[in-house]
Protein chains: 4
Amino acid sequence: MQEKIPVAVVGATGIAGQQFLVALDQHPWFRVTRLAASERSAGKKYLEAISDASSGAIRWYCEEPVPDLVQTLVVEDAAECDFSDVGMVFTALESEAARVLEPRYAATRPVISTASAFRYEPDVPLLIPGVNLEHAPLIRIQQQRRGWKGFITPIPNCTTTGLAITLAPLQAHFGIDCVLMTSLQAISGAGRSPGVLALDILDNVIPYIPKEEGKVETETQKILGKLVDHTIQPASFRVSATCMRVNVKDGHTEAVFVSLQTEGELAEVKRAMEAWGSEFTSLGLPSAPPALIVVSEDPYHPQPRFDRDLYG
Amino acid sequence: MQEKIPVAVVGATGIAGQQFLVALDQHPWFRVTRLAASERSAGKKYLEAISDASSGAIRWYCEEPVPDLVQTLVVEDAAECDFSDVGMVFTALESEAARVLEPRYAATRPVISTASAFRYEPDVPLLIPGVNLEHAPLIRIQQQRRGWKGFITPIPNCTTTGLAITLAPLQAHFGIDCVLMTSLQAISGAGRSPGVLALDILDNVIPYIPKEEGKVETETQKILGKLVDHTIQPASFRVSATCMRVNVKDGHTEAVFVSLQTEGELAEVKRAMEAWGSEFTSLGLPSAPPALIVVSEDPYHPQPRFDRDLYG
Amino acid sequence: MQEKIPVAVVGATGIAGQQFLVALDQHPWFRVTRLAASERSAGKKYLEAISDASSGAIRWYCEEPVPDLVQTLVVEDAAECDFSDVGMVFTALESEAARVLEPRYAATRPVISTASAFRYEPDVPLLIPGVNLEHAPLIRIQQQRRGWKGFITPIPNCTTTGLAITLAPLQAHFGIDCVLMTSLQAISGAGRSPGVLALDILDNVIPYIPKEEGKVETETQKILGKLVDHTIQPASFRVSATCMRVNVKDGHTEAVFVSLQTEGELAEVKRAMEAWGSEFTSLGLPSAPPALIVVSEDPYHPQPRFDRDLYG
Amino acid sequence: MQEKIPVAVVGATGIAGQQFLVALDQHPWFRVTRLAASERSAGKKYLEAISDASSGAIRWYCEEPVPDLVQTLVVEDAAECDFSDVGMVFTALESEAARVLEPRYAATRPVISTASAFRYEPDVPLLIPGVNLEHAPLIRIQQQRRGWKGFITPIPNCTTTGLAITLAPLQAHFGIDCVLMTSLQAISGAGRSPGVLALDILDNVIPYIPKEEGKVETETQKILGKLVDHTIQPASFRVSATCMRVNVKDGHTEAVFVSLQTEGELAEVKRAMEAWGSEFTSLGLPSAPPALIVVSEDPYHPQPRFDRDLYG
């Protein structure tokens with residue numbers, strides 16, 4: 001058995017950082033060996049860092065238990081870390097902290113980031129496996145331009161990711177004229193600081209999520225764009241998004257109207273969607289689902305509570 | 001003070017019937033004098049008819065109390081009623097019962113119906129005050145064709161009503177090419193038999209409501225159509241609807257993309273919408289809201305829980 | 001018509017302050033003439049103070065609209081206010097701010113407070129109309145001891161208020177040995193800063209509310225205690241409370257087991273509870289409900305969503 | 001590897017039956033080889049029996065997928081089944097059907113039942129592993145009295161099960177005087193026919209569940225009773241239960257006040273609870289949790305959403 005690659009998780013005490021810890025626990029390639037967070041947590045063992053001293057409450061937000069391996073790791077101050085002894089850095093930081101700290105880490109190591117700080121830079125690709133790996137060469141440009149040995153690849157906005165994967169086969173087979181999308185987004189997307197108050201969303205729909213619509217529009221066009229002369233040319237079709245918050249824990253639902261350039265029978269469209277990404281999924285990578293897109297004949301599906309855990 | 005018009009409510013024990021009772025309580029023009037429901041309730045006083053003998057539970061589903069006036073009215077068997085002594089009949093029946101019973105009542109009296117049974121008949125208008133009262137002459141055709149002294153005017157599907165009111169000023173001022181609508185519908189719309197189970201909608205979105213999308217598309221085109229030669233010519237623009245159920249008690253939210261025939265500045269569009277229906281609302285009718293359409297500058301509104309009770 | 005008494009509301013931008021504004025709007029005795037909040041809001045008109053400049057969102061948390069009268073009142077800095085020109089001050093402050101500011105206001109004026117800061121002081125009564133107005137003379141002691149012209153009367157914890165009202169007739173008629181209470185508390189009780197996150201309470205019960213159980217136990221014994229020699233002797237029966245949070249917007253539900261000192265028939269108990277407070281409610285005070293305790297024969301009631309607005 | 005025991009699941013299309021199918025899938029001892037349900041489903045393959053022909057919807061209510069093995073089993077009519085070729089029968093029937101059908105199956109085979117039909121018969125034990133296996137000899141009495149080769153062992157009410165497990169160590173170590181319990185029960189406990197309507201429980205608590213309180217009281221006393229002279233003598237302590245429904249999908253929360261006969265330090269009580277059932281759990285049976293009772297030091301736990309899946 002091959003040895004696992006040591007990795008660091010930054011922002012490890014927040015909800016997105018905890019999701020990294022759960023996803024990396026038992027991962028066949030990676031092992032979390034270092035944790036970082038704000039100065040306040042620095043110097044404490046992880047389990048202590050997420051405990052409230054006065055009430056005894058544990059601030060752990062995933063339904064899976066705290067992975068054994070990280071419970072006793074000592075949390076470091078994210079602002080003071082040198083990560084040259086790990087193979088990769090996973091960051092879950094607020095946008096402003098990300099703008100300052102991620103370049104420091106990227107100077108020596110690859111950084112996988114949940115923050116939006118670098119998503120819109122011209123030399124930063126938004127890679128989605130099975131969709132646009134042909135944007136990967138942009139990483140080399142990024143390294144040259146910035147003089148980094150590592151690099152930053154941000155994870156796109158989660159609403160965008162689902163949309164872009166769905167649009168990719170339509171763009172490839174039929175061409176896209178226009179995309180009109182309404183999302184019903186889960187509360188987990190808002191995190192915990194400040195997050196969505198129960199008082200605001202119980203028995204309610206909130207029809208607006210700050211900046212979300214612009215992110216979805218810009219990122220979708222970038223992801224489905226073309227890498228031409230060391231630059232991504234955004235896809236030329238228009239994307240218009242209405243993003244709403246609904247009282248669902250996890251799993252965004254999107255209603256998408258797509259106008260295609262060439263007409264397709266429904267069966268053809270279905271076939272194109274189901275076949276999409278088969279070269280990717282057949283690689284058998286860990287964490288890769290058996291299919292990128294599942295087309296349901298049951299009109300009552302997808303439903304977030306039932307289908308969000310499909311293929312993990 | 002003028003005497004009030006006596007009216008009957010049929011299907012009075014169900015949720016829609018109870019909403020009629022609440023809406024008609026204290027109404028300046030109408031007074032409920034007769035109640036009808038299924039044979040099972042016939043002969044009981046209303047309060048007894050909605051009580052469960054074994055547990056003592058009251059099956060009353062509105063947050064307002066049971067109106068005093070109806071508590072002791074004796075419920076009649078809807079299949080046996082003659083309503084020639086009241087001025088009007090409000091019916092809240094299942095579609096199949098409506099198809100049989102409403103024509104009997106309409107033979108002598110006007111019938112305001114929540115059922116979809118007659119909505120798609122060519123001689124039945126779907127009237128929305130302030131939107132298409134010019135379809136009212138169709139009632140005369142209906143009476144002649146069917147030999148009725150009364151008539152049936154169904155209340156359109158509630159998702160349609162909100163959509164049609166919003167589209168009316170756009171159609172009048174700019175012309176409409178195409179309408180793409182995604183609705184987030186409340187559970188009250190599904191009623192109670194069977195209604196939506198908590199197990200199905202808690203922490204979830206159900207992306208399908210049987211027959212709803214077709215109803216919205218057909219009814220919207222009919223409401224915004226033109227009365228030509230004793231027939232309604234449906235509006236020619238395309239309507240495509242995606243109707244979903246969300247965990248909200250009352251109040252549907254709709255995200256609508258409209259493609260206009262002539263371009264309009266945002267301010268013009270807003271002005272057209274706010275001005276719409278002012279001739280109607282200025283009549284000062286009871287139950288009429290002060291404005292048909294409220295345009296909010298606050299991107300966080302409308303929200304169903306906060307805005308559903310605006311103007312009652 | 002008599003002129004209304006001018007009053008001030010402090011902490012007017014928060015959720016409890018807004019509830020004061022709604023409750024005092026249209027009040028036959030009081031008129032809100034001054035508003036105070038933190039320094040950040042000072043100098044702005046109320047409507048501006050609760051608006052978010054960048055998004056246009058209005059931070060108003062009641063379902064009733066913002067009362068017209070207060071929309072243009074200029075908010076003052078609570079730390080700098082002199083209230084000697086109003087008749088009474090309603091405060092909705094965090095406990096620490098209350099400890100500092102309420103004595104300043106009380107030096108000259110009566111202060112009705114939602115904070116717990118002074119609830120446990122021996123010279124401060126927790127008055128509930130219809131339950132323990134015989135504690136009112138303690139106010140005189142408070143004034144003498146502290147050299148105030150005004151005074152502070154805190155509103156008890158809302159879970160306690162419901163419990164104490166219910167226990168009062170049992171204590172009076174039968175004597176109480178022991179009270180075991182489990183509460184299912186609504187999220188509105190937690191306010192908004194930080195409040196309850198939707199992520200924490202959706203599809204969940206939180207079995208602990210910090211400090212709540214101790215407050216309920218101590219306050220209940222104080223409210224139902226006896227004023228003896230210028231001091232309240234707490235009721236001697238034991239109170240044990242388990243306080244939980246459930247996903248309900250407004251309205252706490254409490255399951256209470258009471259062990260009585262003398263046995264009573266169920267009908268006697270019911271009669272005692274229904275009769276309780278009739279001298280008080282028959283005074284016809286504004287905001288007073290027609291009955292203090294409603295005993296339901298329907299086992300399915302009370303339910304918070306249906307019964308929380310009974311008698312406003 | 002030993003061959004698995006073939007078993008039947010009756011009532012297989014309902015929610016409780018589906019839970020049996022999921023629990024038995026991959027079970028090391030049992031393999032589902034026969035399915036039965038009402039006449040309406042008889043003769044159809046299972047996947048077809050739970051599909052709605054007109055809409056294509058699948059009526060499957062678990063979050064795990066439909067087990068492969070049962071998808072193509074043909075459903076039989078429960079009223080016509082002979083189960084002498086399987087080793088055991090799991091039944092999930094309505095109480096009335098259970099009263100008729102379970103004795104037929106029990107004539108030849110052991111029946112594990114979710115119904116309450118036989119729970120209160122004097123010769124039917126309510127067995128909870130790790131709590132009262134000493135009641136098992138009653139099965140022999142049952143067989144003799146009724147002339148059965150098989151037998152019926154009903155699964156107790158789920159609210160009772162949690163309560164009885166928790167009380168068992170307290171009874172054994174300290175003796176119990178009195179139990180006062182308030183439950184906050186999940187909607188899954190009500191099943192689907194009719195189940196709990198979203199309209200009734202959204203933003204609400206329902207303070208009554210028909211017959212539940214009596215069941216909890218009687219069953220708890222029976223489970224913790226003693227087998228004396230071929231009969232169970234119910235435990236002599238009083239149990240008083242208040243059972244409420246809250247808007248939680250799975251997992252009941254119970255607040256229990258117990259009065260002990262002999263005083264115990266908190267640490268002793270904790271030790272007794274944690275040690276309880278260790279002889280049972282150390283047997284290493286499949287589906288047995290590593291511990292019967294988990295005592296949490298974190299006051300914010302247990303929470304149904306986080307802790308309901310602990311140990312599966």
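Chain identifiers are assigned alphabetically (A, B, ...) following the order of the sequence lines, protein sequences preceding nucleic acid strands; residue numbering begins at 1 within each chain.
The minimum heavy-atom distance between C:C158 and C:H252, with the atom names listed, is SG-NE2, 3.2 Å.
For C:V205, the parts sitting under 4.5 Å from any heavy atom of chain D are the backbone and the side chain alike. Both the backbone and the side chain of C:D203 have a heavy atom closer than 4.5 Å to some heavy atom of chain D. In this structure, no portion of C:D298 lies under 4.5 Å from any heavy atom of chain D. Looking at D:L202, both its backbone and its side chain come within 4.5 Å of chain C, counting heavy atoms on both sides.
Annotation: maximal heavy-atom pairing with chain D below 4.5 Å, among C:A255, C:P299, C:G251, occurs at C:P299. When D:I201, D:I187, D:L199 are compared by the number of non-hydrogen pairs under 4.5 Å with chain C, D:L199 comes out ahead. If you tally non-hydrogen atom pairs under 4.5 Å between each of D:L184, D:I206, D:T253 and chain C, the highest count goes to D:L184. Chosen from D:D200, D:L180, D:D250, D:N247, the residue pairing most often with chain C at heavy-atom distances under 4.5 Å is D:L180.
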Take C:V269 and C:H173, measure what side-chain contact (heavy atoms from CB on, under 4.5 Å) needs, and give me the verdict at the end.
CA-CA 8 Å; C:V269 170; C:H173 287 264; over 6 Å; no

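Taking the side chain as every heavy atom from C-beta outward, C:S240 and D:F257 approach each other to under 4.5 Å.
Of the N and O atoms on the side chains of C:E219 and C:N157, not one donor lies less than 3.5 Å from an acceptor on the other residue. A donor-acceptor contact closer than 3.5 angstrom links the side chains of D:Q185 and D:E212.
Under a 3.5 Å cut-off, the side chain of D:K215 and the backbone N or O of D:P156 do not form any donor-acceptor pair.
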